[in-house]
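One structure is given here, and the rest of the page talks about it.
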Amino acid sequence: MTSMNRRWLLAQRPQGMVKDSDFTLDTGPMPVPGEGEFLVRLTHFSFDPTQRGWLGGDTYLPAVKIGDPVRAGGIGVVVESHHEGFKPGQLVQGTFGWQEHVVSNGYTETGPVTILHPGITPEQALGVFGITGLTAYFGLTDLGQPKPGDTVLVSGAAGATGSVVVQIAKAMGCTVIGIAGGPDKCGWVKGTAGADACIDYRAGNVARAIRELAPKGVHVVFENVGGEILDAALANLAMRARIVLCGGISSYNDTGESRSHGLQNYMNITVMRARMEGFIVLDYAKRFGEGVQALAALIAQGKLKTAEDIAEGFENCPATLRRLFEGKNLGKQLLKV
Ligand SMILES: NC(=O)c1ccc[n+]([C@@H]2O[C@H](COP(=O)([O-])OP(=O)(O)OC[C@H]3O[C@@H](n4cnc5c(N)ncnc54)[C@H](OP(=O)(O)O)[C@@H]3O)[C@@H](O)[C@H]2O)c1
């Protein structure tokens, strides 16, 4: 084993899109686990739009400090252990950050380190059974509460969260309209994820396209993008619609100079007696087991197909984070070391 360890540290708070110069690739000595600790060699990292928020300032978690490793979920293998709960060779999952090796006492800042179930791959653990799949499941079922026959509109439909929402909604007997960037992604949302229709938001007027596909309005909006796309959805609500405000990636790179679109159609929430509600998936931590079981059942029934987009090489962490904001990923963005 190498005696050195590399870590990506936050050098400065990004302005707009993250740049390589916002980070420093630090090489230092290998950390040594003490009593009650174990050493993990990271093998897979999860890439999530919320990381951009963590780098910019305090959100639902404290901001990543300048000079600290970039916060990120990951999976690794235990290589040395002085902790009775963890053995060398086990695969473990936690918010370990962008570092090749890390010493852990069994907890990270977002919760306990967990041992991977032998039947679950690292890709599944970080994707469909990880934060994004669980966000799709709890956001749609708990907040969206779709009924068979409802029309469900999903933005970011070719992404990790959106693609799972599309398929759960189809399995629940809904008509599903996806929104995604470009004809290839839209083809995948219809052909593989099984949406009834998909609107390419880059091709034209989204509000008009929704109106043509759902002239009586949409019952559930699962919103991942915000801004103009949310506004287009708000213009097309059915009576008592539920808008699940999962994310608003179109504004995550906003700076003081560039502010995102201000909503024009929010009064339609009043007119249509609709409900718009936000949530953070970590609030459902006690119910994650239930979510994993429901998602596993859909996979076993052939109703849920997963897609992972896997980059390689620890040195490519910053570029891989950018892919989410450039729309380059299809499905869950991961990086394998
Ligand atoms: N509330 C929670 O607890 C929670 C948990 C997890 C995720 N989320 C949110 O869920 C959303 C999706 O996250 P994810 O991890 O599944 O990422 P993802 O959808 O796999 O990847 C991000 C996608 O967003 C789209 N996008 C990027 N910039 C855009 C822009 N300016 N306008 C429109 N679309 C843009 C791109 O798709 P196109 O090519 O189609 O544009 C890109 O592929 C994010 O908003 C995230 O913050 C919330």
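Order of listing sets the numbers, starting from 1, for every ligand and every atom in it. For this chain, numbers begin at 1 and follow the sequence in order.
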Below 4.0 Å, non-hydrogen atoms only: which portion of Lys328 touches ligand 1? Side chain, backbone, both or neither. neither
Ion pair Glu290/Arg287, N-O distance below 4.0 Å: yes
Thr135 contact mode with ligand 1 (heavy-atom cut-off under 4.0 Å): side chain
Using a heavy-atom cut-off of under 4.0 Å, does the side chain or the backbone of Ile249 touch ligand 1, or both, or neither? both
One pair to check against ring pair (Phe, Tyr, Trp, His ring centres under 6.0 Å): Trp98 and Phe23. What are the steps and the verdict? CA-CA 11 Å; Trp98 285 358; Phe23 311 98; 5.4 Å; yes
Is it true that Gln333 lies under 4.0 Å from ligand 1, counting heavy atoms only? no
Using a strict threshold of under 4.0 Å (side-chain N to carboxylate O), is an ion pair present between Asp309 and Lys328? no
Please tell me whether Thr255 and Gln15 have a donor and an acceptor in their side chains that are separated by less than 3.5 angstrom. no
Sub-4.0 Å heavy-atom approach of Phe47 to ligand 1: no
Residues Asp150, Arg242: salt bridge by 4.0 Å N-O rule: yes
Check if Gly162 has a non-hydrogen atom at a distance under 4.0 Å from any atom of ligand 1. no
Taking a cutoff of less than 4.0 Å between a non-hydrogen atom of the residue and any ligand atom, is Ala158 in contact with ligand 1? no
Using heavy-atom distances only, which candidate in Ile131, Val189, Val165, Thr161 approaches atom 16 (O) of ligand 1 most closely? Thr161
Could you tell me whether Arg202 approaches ligand 1 through its side chain, its backbone, both or neither, with non-hydrogen atoms closer than 4.0 Å? side chain
Among the heavy atoms of Ala157, does any lie under 4.0 Å from an atom of ligand 1? no
Which atoms of ligand 1 are found less than 4.0 Å from any heavy atom of Tyr201? 32 (N), 33 (C), 34 (N), 35 (C), 38 (P), 40 (O), 41 (O)
Side chain, backbone, both or neither: Thr132 near ligand 1, heavy atoms under 4.0 Å: side chain
Using 4.0 Å as the upper bound for N to carboxylate O, is an ion pair formed by Glu100 and Arg6? yes
For a quick check under 3.5 Å, do Asp26 and Thr24 share a side-chain donor-acceptor pair by atom type? no
Should the pair Arg7-Asp68 be classified as a salt bridge under the 4.0 Å nitrogen-to-oxygen rule? no
